[in-house]
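As the structure is a computational prediction, the values presented were derived from the model and not from experiment. Order of the sequence lines fixes the chain letters, A, B, ..., with proteins taken first and strands second; residue numbering starts at 1 for each chain.
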Number of protein chains: 2
Amino acid sequence: MEKLLDALKALSDETRLRILNLLYEKELCVCDIMEALQISQAKASRHLIYLKNAELVKDRKHAQWVYYSMALDERMKFMDSLVYDNLRNLELYQNDLQNLKDWLKRKNIKCD
Amino acid sequence: MEKLLDALKALSDETRLRILNLLYEKELCVCDIMEALQISQAKASRHLIYLKNAELVKDRKHAQWVYYSMALDERMKFMDSLVYDNLRNLELYQNDLQNLKDWLKRKNIKCD
DNA sequence: CTCATATATTCGCTTAAGCGATTATATGAG
DNA sequence: CTCATATAATCGCTTAAGCGAATATATGAG
């Protein structure tokens with residue numbers, strides 16, 4: 001079966017792990033990801049599409065934004081352990097979350 | 001952190017998943033793997049070394065044989081779900097287990 | 001020592017991944 | 001319509017993965 005293998009391939013890249021770590025918090029648009037991870041737009045978009053093809057995330061279009069969020073089926077329940085027992089213990093991923101938080105705050109202030 | 005990522009990269013290849021599925025049953029030597037999966041010796045050896053470098057398995061030499069077995073630390077506990085909730089539901093991996101069983105039986109008869 | 005068996009390593013090749021830079025497309029604002 | 005913003009897609013390049021075939025190494029048997 002291909003589906004599981006596709007999901008695991010999607011998990012074998014650090015940028016994608018960093019993205020999943022953020023999406024585990026909440027639904028985000030591409031520009032949130034680029035800002036939080038400080039990566040290029042093309043890179044963020046590419047990896048998000050990769051994750052979508054692997055059926056780990058789903059997307060939702062609204063105006064000119066595309067919002068991505070986790071889309072885990074029953075089989076992928078091991079993802080919880082991966083994120084909470086592993087990623088969240090690592091400095092890089094903690095920093096990413098903090099950067100996301102800071103960025104969302106700035107973004108909201110801008111919109112006021 | 002590199003270690004988790006190395007482990008995940010190790011999980012992103014079907015042959016290595018098939019090997020892990022077998023090692024989840026019991027400690028095996030390289031030739032058991034080649035026979036059960038019907039793959040070449042070089043291929044079995046290469047992937048086992050890959051898994052060892054990723055610290056998912058450990059090896060033990062005895063005479064001319066090298067025995068490999070699972071070596072999961074606390075962080076890798078999601079592997080249980082991966083194997084039992086996913087791999088073991090798939091025909092390919094079930095067949096591999098049956099082939100292993102058959103091979104071990106033949107092997108023992110030969111040794112009598 | 002010599003041979004057979006088990007395993008690891010190397011080589012050359014092919015294919016896939018990831019990347020930056022650029023371009024294309026879609027949407028909303030004015 | 002025109003412009004700015006958000007996202008996706010393409011191109012060319014570089015590097016990594018995986019493979020089969022062949023060779024090397026280690027161990028036990030006799």
Legend entry - Length of the CD1-P vector between A:I39 and D:dA8, whole Å: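 Nearest whole value for this atom pair: 12 Å.
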Inset, instruction - Fill in the dot-bracket string of DNA chain D, one character per base: . for unpaired, | for a pair to another strand, ( ) or [ ] for pairs within the strand, taking Watson-Crick or G-U pairs under 3.5 Å. - result: ||||||||||||||||||||||||||||||
Legend entry - Approximate separation, where rounding is to 0.5 Å, of A:K3 NZ and A:L8 CG: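 It is 12.0 Å, given to the nearest 0.5 Å.
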Legend entry - Atom pair CG (A:D59) and NZ (A:K52), whose distance is rounded to the nearest 0.5 Å: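 A:D59 atom CG to A:K52 atom NZ measures 3.5 Å (nearest 0.5 Å).
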Legend entry - Heavy-atom check, side chain of B:R88 versus side chain of B:Y93, under 4.5 Å: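 Sidechains of B:Y93 and B:R88: no contact.
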Legend entry - B:L17 side chain reached by A:L5 side chain, heavy atoms, under 4.5 Å: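 Touching, per the 4.5 Å side-chain cut-off.
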Inset, instruction - Can you check each nucleotide of nucleotides 4-19 of chain C against protein heavy atoms at under 4.0 Å and return B for base, S for sugar-phosphate only, - for none, in 5' to 3' order? - result: --SBBBB-------SB
Inset, instruction - Mind checking side-chain contact (heavy atoms from CB on, under 4.5 Å) for A:D80 and listing every partner two or more places apart, or none if nothing turns up? - result: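 Per chain and number, A:D80 pairs via side-chain contact (heavy atoms from CB on, under 4.5 Å) with A:Y24, A:Y84.
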Legend entry - Contacts of type side-chain contact (heavy atoms from CB on, under 4.5 Å), residue A:L22, not counting sequence neighbours: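 So A:L22 forms a side-chain contact (heavy atoms from CB on, under 4.5 Å) with A:L28, A:I33, A:A36, A:L37, A:D96, A:L97, A:L100.
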Inset, instruction - Measure from NZ or CZ of A:R16 to the centre of the six-membered ring of A:Y50, then state whether that distance is under 6.0 Å and the direction lies within 45° of the axis. - result: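 Judged by the rule (NZ or CZ under 6.0 Å from the ring centre, within 45° of its axis), A:R16 counts as positioned above A:Y50.
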Legend entry - Contact summary for B:N86 and A:M76, nearest pair of heavy atoms: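 Of all heavy-atom pairs spanning B:N86 and A:M76, the closest is OD1-CE, 4.4 Å.
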Inset, instruction - Give every residue pair that meets the salt bridge (Lys or Arg N to Asp or Glu O under 4.0 Å) criterion with at least one member in residues 31-45 of chain A, sequence neighbours excluded. - result: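 Qualifying pairs, neighbours excluded: A:D32-A:K107.
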Legend entry - Donor-acceptor pair, side chain of B:K77 and main chain of A:S81, under 3.5 angstrom: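 No; zero donor-acceptor contacts below 3.5 Å.
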Any protein N or O atoms within reach of nucleotides 1-3 of chain C? Criterion: under 3.5 Å, listing atom names and distances.
none

